[in-house]
Amino acid sequence: MAKYARAASWQECVRRTPPRRSTSLDPYLEYLRQRWEEGEHTATVLHQEIVAKGYLGHYQRVKMAIAPLRRGLPIDTPRERPPSPRQVTRWITTTPSRRGPHAAEALRRLLSHCPELDQTHTLVRQFAAMLDSRDAVPLPDWLDQLTASRLPAMASLAKAIREDQHAVVQGITTPFNSGVNEGRITDLKLQKRITAGRAGVPLLRQRVILMAHLRRRYP
C-alpha cells in the first residue's frame, strides 16, 4: 500500500518485469548462436564444445538456451512460463470474440502443438454453439463424435450425458437454469464463512434474508 501511496504516476504502480540475471552461460551465447547459424543444432555437441572452452554448467542449460533458436527467436529470449490447466480451460470455454490478444495467440500456439487439445477445443465450441442457439438437434451427432474421439475423458462425458439425455436437451433448449439457485447457495456459504464462530443462527438467518432482499432489489 505504501508503494501505491507514494506513486506519482500510474507507471510506478505497474508491475515491472525483473531484469534478466546473468548466468555462467552468458559468455558462450554468441558462440552458440554462431555455431547454430553454421548448421550445428545438436545440444549435446554444442555443450561438449563449450565445455572444452571452459564452461562448467550442465547440458540442460545449453538445451534450454538454444530452444528459442528452434522457434526462430533470438537466443537470449526469456523463457515463457507454460499456462496452467486452469488457464487453458478458461481460454477454451471463453467465447473467441471475448478472448484477449495474448490469450488468443497463446491458445493458437498451444493447439497447434497438441492435436488432442485441438480436438477438445473443437468439441467444446460445438457444444457452446448449441447453447447459444438453444438448438439440441446436433446433440446426438456430437455425442457420437465424443465417443469416437479416442479421448477417455470425452468418451466418459458422452456416456454420462446419454444417461440423462432428456434433461440435457431441456437444459439446452429452454431458458430456465439453476443459476439463481446456485447464486443463493453461494450467498449462503459466504455468509456462513463470514459469521463462522462469531454469531449464532439468528444473526445468520437475518443476514441471509437481507441478502435475498438486496438480490431482488438490485439483481
Side-chain angles (χ1 to χ4, degrees), residues 15 17 41 43 60 63-64 66-73 77-194 208 211-212 215-216 218-219:
R15 179 180 296 178
T17 303
H41 298 169
Q60 193 68 25
K63 181 180 178 181
M64 293 171 59
I66 65 174
L69 295 175
R70 301 187 188 279
R71 305 195 303 270
L73 301 174
T77 301
R79 186 185 180 191
E80 288 189 31
R81 184 177 182 180
S84 66
R86 180 174 294 183
Q87 278 182 303
V88 177
T89 301
R90 185 169 64 249
W91 293 344
I92 291 176
T93 55
T94 299
T95 304
S97 60
R98 300 186 63 181
R99 294 175 189 151
H102 171 72
E105 175 60 21
L107 181 60
R108 184 193 66 78
R109 288 190 279 116
L110 190 63
L111 297 182
S112 66
H113 286 82
C114 183
E116 293 83 2
L117 195 60
D118 187 23
Q119 186 179 10
T120 301
H121 173 260
T122 301
L123 293 170
V124 169
R125 297 319 312 164
Q126 289 175 357
F127 187 75
M130 284 188 274
L131 292 175
D132 291 339
S133 61
R134 290 182 182 171
D135 182 12
V137 174
L139 182 63
D141 292 339
W142 183 77
L143 292 174
D144 292 339
Q145 291 184 52
L146 259 64
T147 304
S149 65
R150 296 185 178 180
L151 301 174
M154 290 298 173
S156 176
L157 175 62
K159 181 180 178 181
I161 291 178
R162 284 195 173 99
E163 291 176 356
D164 204 5
Q165 188 167 335
H166 178 71
V168 175
V169 170
Q170 292 298 314
I172 293 175
T173 57
T174 62
F176 308 106
N177 58 70
S178 61
V180 175
N181 292 335
E182 295 296 335
R184 297 296 181 267
I185 293 172
T186 300
D187 290 339
L188 179 60
K189 289 181 178 178
L190 175 63
Q191 296 303 324
K192 181 181 178 181
R193 292 189 182 105
I194 291 175
V208 170
M211 181 64 72
R215 288 287 190 187
R216 286 195 298 268
Y218 305 103

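Along the sequence shown, residues carry numbers from 1. The analysis underlying the following values was restricted to heavy atoms, covering all of them including side chains, and did not include hydrogens, waters or symmetry mates.
- Here Arg109 pairs with Glu105 in a salt bridge; the nearest charged N to carboxylate O distance falls below 4.0 Å.
- When all heavy atoms of Arg125 and Thr93 are compared, the closest pair comes out as NH1-O, 3.4 Å.
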Audit row: Lys159, Leu143, side-chain contact (heavy atoms from CB on, under 4.5 Å) steps and yes/no: CA-CA 8 Å; Lys159 181 180 178 181; Leu143 292 174; over 6 Å; no
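- Taking CG of Leu110 as the reference point, atom CG of Asp118 lies at 9.5 Å (rounded to 0.5 Å).
- Counted within 6.0 Å of CZ on Arg70, heavy atoms from surrounding residues, nucleotides or ligands total more than 12; the atom is thus considered enclosed.
- Residue Asp135 comes nearest to Pro138 through the heavy atom pair O-CD, 3.5 Å, listed as atom of the first residue, atom of the second, then distance.
- The side-chain hydrogen bond (donor to acceptor under 3.5 Å, both in side chains) search around Asp144 returns Arg162, not counting sequence neighbours.
- Residues Cys114 and Leu111 fail the side-chain proximity criterion, which asks for heavy atoms closer than 4.5 Å.
- Here the CE-OG1 distance, from Met154 to Thr120, works out to 4.0 Å after rounding to the nearest 0.5 Å.
- For the pair Arg99 (side chain) and Trp91 (backbone), a donor-acceptor distance under 3.5 Å is present.
- To the nearest 0.5 angstrom, Met130 atom CE is 12.0 Å from Thr173 atom OG1.
- Minimum interatomic distance between Thr94 and Arg90 (heavy atoms only, all atoms of both residues): OG1-O, 2.5 Å.
- In this structure the side chain of Ile92 reaches within 4.5 angstrom of the side chain of Leu117, judged on heavy atoms.
- Distance alone, capped at 3.5 Å, places no donor-acceptor pair between the Ser156 side chain and the Pro152 backbone.
- In this structure, Arg108 CZ and His121 NE2 are separated by 12.5 Å, a value rounded to the nearest 0.5 Å.
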Report, one line per pair, each donor and acceptor closer than 3.5 Å where one atom sits in a side chain of residues 187-194; sequence neighbours left out.
from   : atom 1 : to     : atom 2 : distance (Å)
Asp187 : OD1    : Arg215 : NH2    : 2.9
Asp187 : OD2    : Arg215 : NE     : 3.0
Gln191 : OE1    : Arg207 : NE     : 2.6
Gln191 : OE1    : Arg207 : NH2    : 3.0

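- Remark: side-chain polar atoms of Trp142 are not paired, donor with acceptor, to backbone N or O of Gln126 under 3.5 angstrom.
- Atoms CG and CZ, from Leu146 and Phe127 in turn, are 9.5 Å apart once rounded to the nearest 0.5 Å.
- A donor-acceptor distance shorter than 3.5 angstrom exists from the side chain of Gln87 to the backbone of Ser84, with no hydrogens or angles considered.
- The shortest side-chain heavy-atom distance between Pro175 and Arg134 falls under the 4.5 Å cut-off.
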